[in-house]
Trainee: 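Shown below is the structure under consideration.
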Amino acid sequence: MANADKERRRYAKYSQPAIGREADGCPPDIALMRSSVRRFLAEDSLPPSAHELETLTLRLRGHMHLLIPEVEQMIAGLPKDDIPRYCALACIGEARRKLNISAQPGISSGIAHARRLARSLNALCDHYEKFTGDRS
């Protein structure tokens with residue numbers, strides 16, 4: 001636990017208010033984002049209906065569009081050779097690639113696509129929490 005606190009303090013000096021925060025003054029709702037993720041990644045979750053799938057997928061995509069610039073802003077001041085910065089950049093790149101892919105027709109394909117988005121959003125939430133020390 002002491003190492004985690006020490007690491008958070010180390011990166012706190014590089015964290016700056018992110019772009020998304022300046023518009024309304026509120027940080028991203030990581031708890032809400034995580035609940036959207038759990039809808040697809042929890043083992044006991046029921047498959048959504050086609051309409052529900054479309055709504056939930058759009059929600060995941062929206063969360064990712066909000067969180068990517070937040071994480072980018074947080075790592076902007078980190079040294080180029082910093083390993084957590086490199087990991088966050090890889091995560092951001094992967095999230096952007098997944099945002100550029102459309103689901104194939106069919107509910108099972110749509111669910112698989114939403115699960116891939118959910119895993120990327122979950123990783124973005126992890127990076128956000130690592131750099132802010134926020135454990136929602």
Side-chain angles (χ1 to χ4, degrees):
M1 187 67 168
N3 282 344
D5 289 338
K6 185 178 178 182
E7 191 171 304
R8 275 193 290 277
R9 284 193 303 272
R10 176 180 171 217
Y11 290 109
K13 67 181 178 184
Y14 297 109
S15 296
Q16 303 165 0
I19 295 165
R21 232 183 268 200
E22 293 174 2
D24 64 2
C26 296
D29 190 343
I30 299 299
L32 177 64
M33 293 179 186
R34 294 247 192 229
S35 73
S36 297
V37 164
R38 277 191 300 276
R39 179 66 176 90
F40 285 102
L41 299 184
E43 290 184 26
D44 60 346
S45 65
L46 298 173
S49 67
H51 175 71
E52 201 178 23
L53 175 62
E54 180 182 1
T55 301
L56 293 169
T57 301
L58 287 172
R59 181 180 298 158
L60 290 171
R61 295 174 67 80
H63 289 325
M64 291 170 73
H65 281 292
L66 288 173
L67 202 51
I68 287 171
E70 293 277 340
V71 175
E72 283 179 323
Q73 185 71 24
M74 290 176 166
I75 64 173
L78 294 176
K80 299 270 188 219
D81 62 347
D82 189 74
I83 293 171
R85 176 188 179 274
Y86 182 80
C87 292
L89 283 173
C91 178
I92 290 167
E94 183 67 18
R96 283 202 170 114
R97 281 188 290 282
K98 289 180 180 175
L99 284 170
N100 288 327
I101 297 171
S102 298
Q104 298 295 315
I107 189 112
S108 61
S109 179
I111 290 171
H113 175 68
R115 283 187 177 137
R116 287 189 290 274
L117 292 175
R119 283 191 290 273
S120 283
L121 177 57
N122 197 45
L124 286 167
C125 289
D126 289 345
H127 287 291
Y128 179 85
E129 288 176 336
K130 175 181 178 63
F131 290 115
T132 62
D134 181 24
R135 299 280 179 223
S136 300

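Every value quoted in this text rests on a predicted model; they were computed, and no experiment measured them. Along the sequence shown, residues are numbered consecutively beginning with 1. Only this structure's heavy atoms are used, side chains among them; waters, hydrogens and symmetry mates stay out.
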Trainee: Test your reading of the model: is there a side-chain donor-acceptor pair from S109 to the backbone of G106, 3.5 Å cut-off?
Mentor: no
Trainee: Taking all non-hydrogen atoms of both residues into account, name the closest pair between L99 and R61 and its distance.
Mentor: O-NH2, 2.8 Å
Trainee: What I'd like to find out is whether the side chain of L32 reaches to under 4.5 Å of the side chain of S35, using heavy atoms alone.
Mentor: yes
Trainee: At their closest point, which heavy atom of C91 faces which heavy atom of S120, and how far apart are they?
Mentor: SG-O, 4.4 Å
Trainee: Could you go through the salt bridge (charged side-chain N to carboxylate O under 4.0 Å, His left out) check for R34 and D126 one step at a time?
Mentor: CA-CA 10 Å; R34 294 247 192 229; D126 289 345; 2.6 Å; yes
Trainee: Looking at side-chain heavy atoms only, is the closest gap between I107 and P47 below 4.5 Å?
Mentor: no
Trainee: How close do P48 and L56 get, heavy atom to heavy atom, and via which atoms?
Mentor: CB-CD1, 4.2 Å
Trainee: Distance check, rounded to the nearest 0.5 Å: L89 atom CG versus R85 atom CZ?
Mentor: 4.5 Å
Trainee: Rounded to the nearest 0.5 Å, what separates atom CZ in R97 from atom CD1 in I92?
Mentor: 11.5 Å
Trainee: Does R39 reach the main-chain N or O of L46 with its side chain, forming a donor-acceptor pair under 3.5 Å?
Mentor: yes
Trainee: Measure the NE2-CD1 distance between H127 and I68 for me, rounded to the nearest 0.5 Å.
Mentor: 11.5 Å
Trainee: As an exercise, state the distance from CD1 of I101 to CZ of R116, rounded to the nearest 0.5 Å.
Mentor: 7.0 Å
Trainee: Test your reading of the model: is there a side-chain donor-acceptor pair from S45 to the backbone of L41, 3.5 Å cut-off?
Mentor: no
Trainee: Looking only at heavy atoms, which two atoms of R115 and F40 are closest? And how far apart?
Mentor: NE-O, 3.2 Å
Trainee: Can you name the closest pair of heavy atoms from G110 and A103 and give their distance?
Mentor: CA-CB, 4.0 Å
Trainee: Rounded to the nearest 0.5 Å, what separates atom CE in M74 from atom OG1 in T132?
Mentor: 5.0 Å
Trainee: If you measure from CG on L124 to CE on M33, what distance do you get to the nearest 0.5 Å?
Mentor: 9.0 Å
Trainee: How far apart are the closest heavy atoms of L60 and V37, and which atoms are they?
Mentor: CD2-N, 4.3 Å
